[in-house]
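Following: one structure in structure tokens, then a few remarks.
When a residue number appears, it is its place in the shown sequence, counting from 1. None of these values were measured; they are calculated from a predicted model.
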Amino acid sequence: MARERLNSGNERGIELPKAKLNRETLGHVSRLLSYLKPYRGKFIAALVCLFLTSLVGLAFPSFVGALIDTAQGKRTDDWLPATIPGILVLAFVVLGLQALISFFRILWFVTVGERALADIRRDTYLKLITLPMNFFAGRRVGELNSRISADLSQVQDTLTTTIAEMIRQAVLLVGGIVFMAIISKKLIFALLAVLPILIVSAVFFGRFIRKISREAQDKLAESNTMVEETLMGIASVKAFVNEPFEVKRYGGAIGEVAAIAIRGAKFRGMFSSFIVLCIFGGILGVIGYGCVLVSHGEITFGELLKFSLYSMFLGSSLGSFPELFANVQKTVGASERVLEILAEKGENVSTSEMADPIEQKIRGNLSFSHVSFSYPSRAEVEVLREVSFEASAGQRVAIVGPSGSGKSTTAALILQFYSPQSGEILFDGKLASQYSLTDIRNQVAIVPQDVLLFGGTILENIAYGKLSASREEVVLAAQRANAHQFIISFPEGYETVVGERGVKLSGGQRQRIAIARALLKNPSILILDEATSSLDSESERLVQEALEELMKGRTSIIIAHRLSTIREADRILVLEKGQIVESGTHQELIANEQGLYRYLSGLQFDVA
Ligand code: ADP
């Protein structure tokens with residue numbers, strides 16, 4: 001993959017892998033082409049324009065030939081006017097028409113292509129974000145992102161230009177050959193005899209050269225990795241005084257790159273000499289033969305010129321096919337990857353833009369009954385084993401345990417990101433599966449450890465908890481979350497842009513925004529994933545206060561990293577390696593001198 005990316009050429013700087021063309025893969029492309037359907041009227045109009053402009057393009061050599069012949073007092077094309085001004089006027093009229101039709105051809109092709117692409121993009125994105133969490137486990141964000149950008153841009157290229165270009169070149173090719181055959185059968189036979197040899201050798205040579213340049217690029221990539229590694233580990237390099245070793249290593253790799261590139265240059269030089277010889281030789285040969293035919297009176301000069309122009313058309317359209325073909329191959333690959341996403345089964349969540357009314361209200365009773373779970377990506381490891389607990393509406397249940405014991409996994413299961421392999425999760429005594437996903441997620445809120453703010457204003461970020469919220473509601477939530485003060489201290493207040501390109505907020509501030517979000521959402525069940533990194537004491541107090549406000553009247557599941565915050569919990573579950581090993585109140589648990597809770601508490605604070 002690294003190599004593919006390094007290959008230059010594509011203007012986006014990303015070289016997509018090519019796919020084999022066969023019935024199945026072409027079927028994929030045609031499925032994407034079905035996105036053109038809503039725009040078929042315009043697409044057909046564009047195709048007609050395309051056909052017309054290509055045909056008119058073929059008339060151009062006829063005009064030139066007729067002009068030359070007329071100048072010499074001969075007349076070969078009966079359908080054209082007999083005088084030079086007559087021919088010229090007609091030629092300009094035709095050219096004008098051609099220009100006009102070309103305009104609409106391009107406009108309509110691009111319009112249709114872009115609209116269809118926007119539809120594909122939207123569908124892919126919608127699919128992508130409604131896919132279950134499992135889907136994301138095995139994939140990197142970069143890869144998914146590239147499907148939306150690079151793969152779809154490739155499809156876009158095809159929709160807007162490649163298809164049109166292929167049809168145009170095919171018309172030019174076939175039309176050119178037909179017109180040439182009309183001029184002189186002998187000449188076209190002569191041309192068609194040398195052409196295949198030229199094409200085969202060009203293709204063969206071209207492949208060979210590409211292979212060599214790919215080798216050079218691989219080597220170059222290797223040496224770049226070396227630089228990257230060395231620079232990243234520069235402290236080690238220096239500490240071990242290994243500079244000379246690194247320089248030698250890099251020097252070796254660079255030397256190889258140069259050697260391969262030079263070998264490639266040798267072949268490229270040979271190739272270019274060969275092509276020059278063949279092309280000019282071929283042209284000379286055919287024109288020479290044509291001159292013989294002219295001297296025998298079999299064809300006129302005008303016809304010879306026409307023939308030569310058509311052979312140039314032929315040459316250029318033949319020359320464009322490899323690239324067009326490669327483009328189609330890349331599109332096939334790209335569309336396969338996009339269709340893979342479109343074919344995945346999404347979660348059954350509402351995709352309407354309107355806020356969904358809650359169909360089944362959850363009061364806040366939550367229970368896990370013998371829940372066992374392993375991540376689909378690592379099926380052999382049981383992350384939760386026979387976990388059972390209950391939280392009645394309004395209770396606070398804290399989950400503690402060493403890192404990796406399954407605390408976050410429990411939260412993910414409450415949110416229905418995954419389903420357990422065995423056991424049941426119940427809301428108000430009813431199986432989770434009896435509720436719609438949208439209903440559950442609308443009534444469960446999470447305040448995560450590391451709060452992600454989206455690029456946008458603070459107002460928008462808080463309103464993410466309830467998209468229909470009014471400004472007053474947002475401000476009220478911010479006030480209750482102890483966030484209002486710091487927000488209005490910014491010059492732009494609630495309109496302050498945050499996120500990657502905006503103001504950086506501190507951890508405590510981000511948490512208070514998340515709390516305001518959750519307050520707006522007004523869930524019956526709350527999951528608090530306590531921040532691991534400690535806040536300064538003032539910030540800590542503000543966050544804690546905001547959390548207290550948030551937890552009021554709701555069932556709260558607290559994933560606790562600092563034991564000091566959970567003494568008030570109605571119940572504490574101690575998880576170890578996916579099993580609940582202890583449960584009870586702080587007082588009960590601390591009394592067990594052999595217990596894990598007592599041990600964990602001892603690590604963090606002196607037991608009072
Ligand atoms: P905790 O929150 O207690 O630190 P987690 O619930 O995050 O623990 O993780 C429990 C176990 O599950 C760990 O062994 C972790 O490696 C594994 N795990 C967590 N997330 C995933 C995932 N998406 N895919 C596979 N394994 C995971």
Hey, is Arg480 close enough to Glu473 for a salt bridge, meaning N to O under 4.0 Å? no

Kindly check if the number of other-residue, nucleotide or ligand heavy atoms within 6.0 Å of CZ (Arg115) is above 12? no

Can you establish whether the number of heavy atoms outside Glu390 located under 6.0 Å from its atom CD is more than 12? no

Flag for Asn365-Gln395: side-chain donor and acceptor within less than 3.5 Å: no

Would you call Glu545 and Arg541 a salt bridge, taking side-chain N to carboxylate O under 4.0 Å as the test? yes

Students often mix this up, so state it plainly: with edges at 30° and 60°, are the rings of Tyr597 and His586 parallel, tilted or perpendicular? perpendicular

Give a yes or no answer on whether the side chain of Arg471 reaches the backbone of Leu459 with a donor-acceptor pair at less than 3.5 Å. no

Kindly say whether Val447 contributes a backbone atom to a donor-acceptor pair with the side chain of Asp529 at under 3.5 angstrom? no

When you measure from the side chain of Lys407 to the backbone of Gly401, do you find a donor-acceptor pair of N or O atoms at a distance under 3.5 Å? yes

I'd like to know if the side chain of Glu382 pairs up with that of Ser374 as donor and acceptor (distance under 3.5 Å, no hydrogens or angles considered). no

Mind listing the closest non-hydrogen atom pair of Asn482 and Arg512 along with its distance? O-NH1, 2.9 Å

Given 3.5 Å as the limit, does a donor-acceptor pair link the side chain of Lys127 with the main chain of Leu342, or not? yes

Below 4.5 Å, heavy atoms only, C-beta onward: do Phe454 and Glu460 meet side chain to side chain? no

So does Val444 get a backbone contact from the side chain of Lys521, meaning a donor-acceptor N/O pair under 3.5 Å? yes

I'd like to know if the side chain of Ser388 reaches the main chain of His370, judged simply by a donor and an acceptor atom lying under 3.5 Å from each other, with no hydrogens or angles considered. yes

For the residue pair Phe109 and Thr161, establish whether any side-chain heavy-atom pair is separated by less than 4.5 Å. no

Expected output: side-chain Asp570 to main-chain Val397 donor-acceptor under 3.5 Å: no

Do the side chains of Arg510 and Asp450 get close enough for a salt bridge, i.e. N-O under 4.0 angstrom? yes

Heavy atoms only: give me the nearest Ala477-Leu520 pair and the separation to one decimal. CB-CG, 3.9 Å

For the pair Gln443 (side chain) and Ile362 (backbone), establish whether a donor and an acceptor sit closer than 3.5 Å, ignoring hydrogens and angles. yes

Keeping Ser369 on the side-chain end and Gly423 on the backbone end, is there a donor-acceptor pair under 3.5 Å? no

With no hydrogens and no angle check, just 3.5 Å: does a side-chain donor-acceptor pair link Thr409 and Tyr418? no

Is a donor on one side and an acceptor on the other found under 3.5 Å between the side chain of Arg554 and the backbone of Pro523? yes

For the residue pair Ala432 and Ile440, what are the closest heavy atoms and their distance? O-CD1, 3.6 Å

Does the plane of the ring in Phe104 sit parallel, tilted or perpendicular to the ring in Trp108? Use 30° and 60° as the thresholds. tilted

Let me confirm one number: the OG-CZ distance from Ser408 to Phe417, rounded to the nearest 0.5 Å. 11.5 Å

Report, as yes or no, whether the 6.0 Å neighbourhood of atom CD on Glu495 holds more than 12 heavy atoms from other residues, nucleotides or ligands. yes

Between Glu114 and Thr160 the two heavy atoms that sit nearest each other are N-CG2, 4.1 Å

